[in-house]
2 protein chains.
Amino acid sequence: MSRNEFICDCNVIHQEVVNDTLRKMPEQDVFNKIAEFFKIIGDTTRTKILFALDNNEMCVCDIANVLSMSKSSISHQLGTLRRSGIVKCRRQGKEVYYMLDDEHVKQVFEIAKEHIEHKK
Amino acid sequence: MSRNEFICDCNVIHQEVVNDTLRKMPEQDVFNKIAEFFKIIGDTTRTKILFALDNNEMCVCDIANVLSMSKSSISHQLGTLRRSGIVKCRRQGKEVYYMLDDEHVKQVFEIAKEHIEHKK
DNA sequence: ATTATAGTTGAATATCTATTCATTTGTCAA
DNA sequence: TTGACAAATGAATAGATATTCAACTATAAT
């Protein structure tokens, strides 16, 4: 039996709504990418890093000091943010300076703050 | 002198930038809530549910059919979304209808799509 | 009351992930 | 070259979480 053959454990109750929705649903790949984007920024450490970088570009040691965390941990997180195209970096001597590389991050943060204010 | 010398494993390189950033950083609680919001929508299943509900309110069975997943799994995820104030529901007879309860979700999805398009 | 259906919920499990630790790479200066 | 420092990286671990399974509640129909 094909492992793609999936039987749902309940009946369709509103067939028209389901069919209409299925027609309008984007491809799996779109959902994966959108969820991935939010997963990346949905972490307290990474959120702090992005806020910090919104003010200035900073080297890893500076970010580690601002967040009171180890260089290694910050470096791992910066790697994640870089691979996702949310930050970029430039090396200058022994230091590597990180900066935001996405104009959308600030926008979604503003909306998130509205959401939080609204739900108080 | 430095308030970080016992916490962080490296020196502050740019003291002024660090101090300036520390002054501008919001409270821990703000970061927790923002990250939590993105964590909630940063999951493929929940992203799909929110997209589906953007078209119509739907009962649990319908959503389970649209996503080809079990009722239980969908119900768990709907509980998460409900507790976060992102969806709400109403009972009608044996069925429980879910709908979006946040005007910000659609906005952040639009921005996320722009991000994804831009990074191709 | 009994039965069937829709949905919820707690526990268990398997997977994922953030941080730590140890090591390595890259750069500069002596 | 050697030493010092910034940063990156791989492996290991501990904690978080998505789904499944089984049991349960709620509602409606007979």
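Order of the sequence lines fixes the chain letters, A, B, ..., with proteins taken first and strands second; residue numbering starts at 1 for each chain. Since we're looking at a predicted model, the values are computed, not measured.
Hydrophobic clustering, with ILVMFWY side chains joined whenever heavy atoms are under 4.5 angstrom apart, keeps B/V87 apart from B/Y97.
The OH atom of A/Y97 sits 15 Å away from the C1' atom of C/dG26 (whole-angstrom rounding). Remark: P of D/dC5 and CG of B/N11 are 8 Å apart, rounded to the nearest angstrom. Look at CG on B/N65: it is 13 Å from C1' on C/dA6, rounded to the nearest Å. Taking atom CZ of A/R90 as the reference point, atom P of D/dA8 lies 14 Å away to the nearest angstrom.
Between D/dT19, D/dA7, C/dT19, one nucleotide has an atom nearer to the side chain of A/M69 than all others, and that is C/dT19. Comparing D/dT20, D/dA28, D/dA6 by their nearest atom to the side chain of A/K94 picks out D/dA6. The side chain of A/V60 approaches D/dA8 more closely than any other nucleotide in the set D/dT9, D/dA8, C/dA6. Relative to the side chain of A/C61, the nucleotides C/dA22, D/dA6, D/dT19 differ in distance, and D/dA6 lies closest. Relative to the side chain of B/K39, the nucleotides D/dT17, C/dG7, C/dT9 differ in distance, and D/dT17 lies closest. Picking from D/dA18, D/dA7, C/dT19 the nucleotide with the shortest atom distance to the side chain of B/I13 gives D/dA7. Distance from the side chain of A/K71 is smallest to D/dA7 among C/dT8, D/dA7, D/dT19. Distances were taken from every side-chain heavy atom of B/S75 (C-beta onward) to each of C/dG7, D/dT19, C/dT27; the shortest belongs to C/dG7.
Using a 4.0 Å heavy-atom distance criterion, A/Y98 is classed as a sugar-phosphate-only contact. Looking at heavy-atom distances under 4.0 Å, B/I74 makes no contact with the nucleic acid at all.
For C/dC21, the base has a donor-acceptor partner in the side chain of A/S72 [N/O atoms by modelled type, under 3.5 angstrom]. Between the side chain of B/H76 and the base of D/dT20 there is at least one donor-acceptor pair of N/O atoms closer than 3.5 Å.
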Checklist entry - Should B/K106 and B/D54 be marked as a salt bridge (Lys or Arg N to Asp or Glu O under 4.0 Å) after you check the CA-CA gap, both sets of side-chain angles, and the distance that decides it? => result CA-CA 8 Å; B/K106 208 171 172 178; B/D54 188 43; 3.8 Å; yes

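Between B/F109 and A/F38, the distance separating the two ring centers is shorter than 6.0 angstrom.
Dashed line: the shortest gap from a side-chain N or O of B/T45 to OP1 or OP2 of D/dT19 is under 4.0 Å. Distances shorter than 4.0 Å separate none of the side-chain N or O atoms of A/S73 from OP1 or OP2 on C/dA18. For B/R91, no side-chain nitrogen or oxygen approaches OP1 or OP2 of C/dA6 to under 4.0 Å.
A/N32 and A/E36 are not linked by any side-chain donor-acceptor pair at a separation below 3.5 angstrom, with hydrogens and angles left out of the test.
Looking only at distances, no side-chain donor or acceptor of A/N56 sits under 3.5 Å from a matching main-chain atom of A/M58.
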